[in-house]
> 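Mind looking over this structure? Questions follow.
Protein chains get the first letters and strands the later ones, always in sequence-line order, with residue 1 at the start of each. Note that the coordinates shown come from a computational prediction; the quantities given were computed from them, not determined experimentally.
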Protein chains: 2
Amino acid sequence: MRMSEGVEWAVHCCLGIAWAPDDRALPAARLAAYYSLPAPYLNKQLQALTRAGILASTPGPRGGFRLARPLHAITLMDVVCAIEGTDPAFRCTEIRLNTPEGRATVDPGVPCAVDRAMNRAELAWRRELAGQTLADIHASVHPDVIAGARTHFTD
Amino acid sequence: MRMSEGVEWAVHCCLGIAWAPDDRALPAARLAAYYSLPAPYLNKQLQALTRAGILASTPGPRGGFRLARPLHAITLMDVVCAIEGTDPAFRCTEIRLNTPEGRATVDPGVPCAVDRAMNRAELAWRRELAGQTLADIHASVHPDVIAGARTHFTD
DNA sequence: GGCTCCCTACTCGGATAGTTGCTGTCCGAGTATGACTGG
DNA sequence: CCAGTCATACTCGGACAGCAACTATCCGAGTAGGGAGCC
C-alpha cells in the first residue's frame, strides 16, 4: 500500500499558495519551480484540487491558482480525497460468498467481519486526517520559511 | 492508495486454517479451492505469512500450512504487515528542502510538518489494526460458516 | 485624445506515452509415504 | 514375518510473464492584456 506522491505535493503547494500575495493568482509553473517539481505533472495535481473545490483556477495571463477557502477550512482529509479519490484502501471482494456453502450459510445482510474490522481502522485514519487542517500545519512551520516563500512568490 | 487484495485472502485463509482439523496441515490448493482463488498466487501470499512467522509450513505429502500461534495472538496489523510490508503509506520526500532557501531556512532536525501530520493519522490506523486479533473476527462469524468449512477441510 | 478592435502571449485543461509495482503463473527442491525386496 | 531400501507422488519455495495504476509529458482551448488603428 502506497500513497501517491502527489498528496505531499498538494499539501505543500496549498501552503505555498496561501503564502503568496493575495492580489494575484499563482501559476503552476511558479510553484513547480519553487519546489523543484515537474511542472506538467504538478499541474495535473492542482487540477484535481480544483475539481475538489479546494483551489480556484483562473486561465489566461496573470492567471493561476488561489485557495478557494481559508486554510483552517481545508482538512488533510480533503486533500487526500482530492488526489487519491474517495474509494477505501481495503475493498472487500466478498470471497466468503465464493465458498461451496457460502451463499447458503452466509447472511448477505450481515457485513463481512474482515471488512468491518478493516473499515474500523480506516475510519480511525480518516478521522485523524479530518481533524487536522492546513492551518494547523501552517502554524508549525518556521516563520523564516514562510517569509522566504513570500518573497519568492512576490517578485 | 489501494491495499493489496492478498490481505483479504490472507485473513480469510488464516481463519480457514484455524477451522481445519488440527491433526494435519492444510495444503494451499485445498484453501484455494474452498475460496475459489487462484492456487499459485494464493500460495505466494501464504509464503509471505510464513516468512512473517504467522503460519508454519511443512513440505511433502500430508504437508501444508498451519497456524504458528493461536488466533488471539495474531493481530490484523501482523497480517497487513506480512503482505503489504512495513513501509508507511505516506513517504515524505522532503520537498521542503528543494526550495531555493530550503536548506538555509529549514532545520533538518525538525521533522516536516506534513510528514508528522500524516504519520499521526497512519499511527491511528495501525493502532486500530493492532487492537483487533483474528480471534475477534472469528468470534463474529456465524457458527454455520465455521461448521461448513470444517467439514470441507476434514474430508 | 479616447475608444474599439485585434493580435499576442500566457494559463489552465484534458488527452497521450513510459515505468514501476501488483497480479497471475510456472517449474524445480525437498520430504513423507507406500511398496518392494531381501533376510 | 520384519526391516531396510527405493521409487513415487505430493507439497512448498522461489523465479518468470502480463497487466493495471501511477508517473511524466505534451499540445489545444480559452482568456486577459497590450498595441494599433480609427473616430
Side-chain angles (χ1 to χ4, degrees), chain A residues 1-10 13 17 20 23-33 35-66 68 80 82-85 87 89-91 93 95 153 155, chain B residues 1-10 13 17 20 23-33 35-66 68 80 82-85 87 89-91 93 95 153 155:
Chain A
M1 195 177 53
R2 193 176 145 201
M3 183 176 290
S4 169
E5 201 174 4
V7 172
E8 181 186 6
W9 300 2
C13 285
I17 292 172
D23 54 348
R24 60 184 172 204
L26 193 60
R30 190 76 72 88
L31 269 172
Y35 287 112
S36 301
L37 298 176
Y41 189 35
L42 175 63
N43 195 7
K44 192 181 184 67
Q45 313 295 349
L46 298 178
Q47 286 171 28
L49 292 174
T50 303
R51 274 192 297 270
I54 296 173
L55 297 183
S57 66
T58 57
R62 298 183 65 83
F65 295 90
R66 65 184 71 212
V80 170
I83 303 296
E84 291 281 333
D87 288 343
F90 181 86
R91 233 166 307 175
T93 60
I95 68 172
F153 289 145
D155 194 327
Chain B
M1 195 176 53
R2 194 177 145 198
M3 184 176 290
S4 169
E5 201 173 3
V7 173
E8 182 186 6
W9 300 3
C13 285
I17 292 172
D23 53 349
R24 61 185 172 200
L26 193 61
R30 190 77 72 88
L31 269 172
Y35 287 112
S36 300
L37 299 176
Y41 189 35
L42 175 63
N43 196 8
K44 193 182 184 66
Q45 313 295 348
L46 297 178
Q47 287 172 28
L49 292 175
T50 303
R51 274 193 297 270
I54 296 173
L55 298 182
S57 66
T58 56
R62 298 183 66 83
F65 295 91
R66 65 185 71 212
V80 170
I83 303 296
E84 290 281 333
D87 287 343
F90 181 86
R91 234 166 307 176
T93 59
I95 68 172
F153 289 146
D155 194 328

> Categorize B:A29 for me: base, sugar-phosphate, or nothing, with a 4.0 angstrom heavy-atom threshold over every strand shown.
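No contact.
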> Please give, in whole Å, the distance from D:dC22 P to A:L42 CG?
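Atom CG in A:L42 sits about 17 Å away from atom P in D:dC22.
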> Working to the nearest 0.5 angstrom, can you tell me the gap between A:L55 CG and A:L26 CG?
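Rounded to the nearest 0.5 Å, the CG-CG separation comes out at 10.0 Å.
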> In whole angstrom, what separates B:L26's CG from D:dC10's C1'?
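Going from CG in B:L26 over to C1' in D:dC10 covers 14 Å.
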> Can you name the side-chain contact (heavy atoms from CB on, under 4.5 Å) partners of A:T93, sequence neighbours left out?
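Result, side-chain contact (heavy atoms from CB on, under 4.5 Å) vs A:T93: A:I95, B:E5, B:E8.
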> Does the protein touch nucleotides 26-35 of chain D at the base, only the backbone, or not at all? Give it as B, S and - per nucleotide, heavy atoms under 4.0 Å.
B---BBBS--
> What pairs with B:S57 under side-chain contact (heavy atoms from CB on, under 4.5 Å), at least two apart in sequence or on another chain?
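Partners of B:S57 under the side-chain contact (heavy atoms from CB on, under 4.5 Å) test: B:T50, B:F65.
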> Rounded to the nearest 0.5 Å, what separation is found between the CD1 atom of A:I17 and the CG atom of A:L49?
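If we round to the nearest 0.5 Å, A:I17:CD1 and A:L49:CG are 7.5 Å apart.
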> Would you say D:dT23 has OP1 or OP2 under 4.0 Å from some side-chain N or O of A:S4?
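For D:dT23, OP1/OP2 do have a side-chain N/O of A:S4 under 4.0 Å.
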> So A:A28, base contact, sugar-phosphate only, or nothing? Heavy-atom distance under 4.0 Å.
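Here A:A28 touches the backbone only, sparing every base.
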> Using the side-chain contact (heavy atoms from CB on, under 4.5 Å) criterion, which residues pair with A:Q47? Sequence neighbours excluded.
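Partners of A:Q47 under the side-chain contact (heavy atoms from CB on, under 4.5 Å) test: A:N43, A:R51.
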> Using the test side-chain contact (heavy atoms from CB on, under 4.5 Å), find all partners of A:R91 that sit at least two apart in sequence or belong to another chain.
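In terms of side-chain contact (heavy atoms from CB on, under 4.5 Å), with neighbours along the sequence ignored, A:R91 is linked to A:D87, B:R2.
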> In chain order, what residues pass the side chain to side chain donor-acceptor pair (under 3.5 Å) check against B:Y41, with sequence neighbours excluded?
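Side chain to side chain donor-acceptor pair (under 3.5 Å) list for B:Y41, sorted by chain: B:Q45.
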> Rounding to a whole Å, what distance do you find between A:L37:CG and D:dT23:P?
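Roughly 12 Å, once rounded to whole Å.
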> Just the atom pairs and distances: protein N or O near nucleotides 17-21 of chain C's N or O, under 3.5 Å.
none

> Can you list, by residue number, the residues of residues 44-55 of chain A that have a non-hydrogen atom closer than 4.0 angstrom to DNA chain D?
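Close to the strand, none.
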> Ignoring backbone atoms, test whether A:T58 places a side-chain nitrogen or oxygen under 4.0 Å from the OP1 or OP2 oxygen of C:dT11.
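For C:dT11, OP1/OP2 do not have a side-chain N/O of A:T58 under 4.0 Å.
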> Round to the nearest Å and state the distance from A:L31 atom CG to C:dT11 atom P.
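Atom CG in A:L31 sits about 12 Å away from atom P in C:dT11.
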> Rounded off to whole Å, could you give me the CZ-to-P distance for the B:R91 and D:dC22 pair?
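So the CZ-P distance, B:R91 to D:dC22, works out to 15 Å.
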> Between A:E5 (CD) and D:dA24 (P), how many Å, whole number?
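Spelled out: CD on A:E5 to P on D:dA24 is 6 Å.
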> Taking the side chain of A:P27 as heavy atoms from C-beta outward, which of D:dC12, C:dT11, C:dG24 is closest to it?
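Closest nucleotide to the A:P27 side chain: C:dT11.
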> What is the separation between atom CZ on B:R24 and atom P on C:dA32, rounded to the nearest whole Å?
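Rounding to the nearest Å, CZ of B:R24 and P of C:dA32 are 17 Å apart.
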